Amino acid sequence: VSTAPHVRRYAPPLALALVTLAFIALSYGYSPASRWVPLIVGYTTLALVALDLLSRSETRAGRIALRYLNPSCAEATGESAEAVRLRDELTAIGWIAAFTFAVLVVGFLVAMPLYMFLFMLLQGRFGLVKSAVTAVVFPLGIWITFEVVLRYEIYRGLLFA
Amino acid sequence: MAVFLGLLVLHGMQPGPMMLLQHETEIFGLILALTAASILASVIGLLMIRPLAAITLIDGRIMVPMVVIISLVGAYATNTNPGDIVITLGFGLLGYLMVRLDYPRLTLVIALVLGELAERSFHQSMMISRGDWSIFVGRTVAAILVALIVLSLAFPVAKALWQRRRAALGPAS
């Protein structure tokens, strides 16, 4: 249990380091001329990740690195971010991910009122009538703006395309 | 600035010294439009200040789905490509993670906007020099530019160190 704060502190740069290493490995698959820029970006990112790791350590060098390289972060308390619960964050991301999936499958015209109605009813705790009215009026406005006025055909989805 | 540079690229104009020569009409049109927009924005802003302030009173539980919908429709409408919707979701998550984990977002935006130009110029330089890296420091202009980059990176650290040293010496002297 006591290692949890350490894991939380070092996890972001370590995850970024893993992504960067994969990126560098992929870059070596390119032709010699094409791999220069990705490799420069990759190795520069690794150097920055190393600095990030150093600045997160509780050592003297870490505190100096944090003070000189990212003073705004050194001053931040992080209390507001910590106050957000993981469950709430995942719920918020889940709603957007579900809407994106719905858009890809059934298109904007069906997904927009559905998402609006369900979000307002379940997440927003609004009444049935208010949710339904908003779920009709707002997507109608989007449809008029994009399809009628701007003449863009908004995405119909994999099922109705 | 990053958004503006992104818009220029979106409309086929590559930001840089040649932009004024290659797109003279568009640039002067832009200047005139910006002047007119500034005047109009002032007038409209003064007239609409009260009703616009009411937007801040709209419940967040209504605003969130509206903003999400407009963002995704806008992302799709740019190229009418459904893949852009997924990319928008991915970058939205990345942006949120960056906010949550205290990483700066502006630097990433600038890198994404200017990355293509930098990569093309790098390849042009390498082709001209036949793979010789000394082209980046061999000429006077290039050497001065590299020196300026190093100075701009080192200056904030050097300044902070100098101020700290001065503060430490201050009470004693």
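Note that the structure is a prediction, hence the values are computed from the model and not measured. In what follows, chains are A, B, ... by sequence order, proteins preceding strands, each numbered from 1.
Tyr10(A) and Met98(B) fall into different hydrophobic clusters, where Ile, Leu, Val, Met, Phe, Trp and Tyr residues are linked whenever their side-chain heavy atoms come under 4.5 Å apart, directly or through other members. By the criterion of side-chain heavy atoms lying less than 4.5 angstrom apart, applied directly or through intervening Ile, Leu, Val, Met, Phe, Trp or Tyr residues, Leu109(A) is grouped together with Leu150(A) in one hydrophobic cluster. With hydrophobic clusters built from ILVMFWY side chains whose heavy atoms lie under 4.5 angstrom apart, Leu122(A) shares a cluster with Tyr115(A). Linking Ile, Leu, Val, Met, Phe, Trp and Tyr whenever their side-chain heavy atoms come within less than 4.5 Å puts Phe122(B) and Ile128(B) in one cluster. Residues Leu114(B) and Ile149(B) do not share a hydrophobic cluster, defined by chaining ILVMFWY side chains whose heavy atoms lie under 4.5 Å apart.
Only the side chain of Val103(A) comes within contact range of chain B, judged by heavy atoms closer than 4.5 Å. The contact between Ile40(A) and chain B is made entirely by side chain atoms (from C-beta outward), counting heavy-atom distances below 4.5 Å. At a 4.5 Å heavy-atom cutoff, the contact between Ile154(A) and chain B is made by backbone and side-chain atoms alike. Proximity to chain B involves both the backbone and the side chain of Ile96(A), based on heavy atoms less than 4.5 angstrom apart. Within the 4.5 angstrom heavy-atom criterion, no atom of Thr145(A) approaches chain B. Heavy atoms of Arg9(A) lying under 4.5 Å from chain B are absent altogether. When heavy atoms are compared at a cutoff of 4.5 Å, Leu89(B) approaches chain A solely by way of its side chain, counted from C-beta outward. At a 4.5 Å heavy-atom cutoff, Ala111(A) makes no contact with chain B through either its backbone or its side chain. Using a 4.5 Å cut-off between heavy atoms, Leu93(B) contacts chain A through its side chain alone, with no backbone atom that close.
Rounding to the nearest 0.5 angstrom, the gap separating the CD1 atom in Ile142(A) from the CD1 atom in Ile70(B) is 4.5 Å. Of the inter-residue distances, the one linking Leu72(B) atom CG with Thr100(A) atom OG1 reads 5.0 Å to the nearest 0.5 angstrom.
You'll find the side chain of Tyr155(A) stays beyond 4.5 Å of the side chain of Asp84(B), heavy atoms only.
Annotation: Phe136(B), atom CZ; neighbour count of heavy atoms from other residues, nucleotides and ligands within 6.0 Å is above 12. No more than 12 heavy atoms of other residues, nucleotides or ligands shown are found within 6.0 angstrom of CH2 on Trp143(A). No more than 12 heavy atoms of other residues, nucleotides or ligands shown are found within 6.0 angstrom of CD on Glu24(B). Remark: Arg139(B) CZ is loosely packed, at most 12 non-hydrogen atoms of other residues, nucleotides or ligands lying under 6.0 Å away.
The two residues Tyr76(B) and Glu153(A) come nearest to each other via the heavy atoms CE2-O, 3.5 Å. Residues Tyr103(B) and Pro12(A) share a closest heavy-atom pair of OH-CB, 3.8 Å. When every heavy atom of Met112(A) is checked against every heavy atom of Val73(B), the shortest pair comes out as SD-CG2, 4.2 Å.
Residues from residues 40-66 of chain B that place a non-hydrogen atom less than 4.5 Å from a non-hydrogen atom of chain A comprise Asp59(B), Arg61(B), Ile62(B), Val64(B), Pro65(B), Met66(B), given in numerical order.
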Check against side chain to side chain contact (heavy atoms under 4.5 Å, CB included), Ile85(B) and Phe108(A)
CA-CA 11 Å; Ile85(B) 300 167; Phe108(A) 279 109; 3.9 Å; yes

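Taking the six-membered ring where the residue is Trp, Trp133(B) and Trp36(A) present perpendicular rings, their angle passing 60° and hence far from 30°.
Within the hydrophobic cluster formed by Ile, Leu, Val, Met, Phe, Trp and Tyr side chains joined at under 4.5 Å, directly or through other members, Val110(A) is accompanied by Phe101(A), Val105(A), Val106(A), Leu159(A), Phe160(A).
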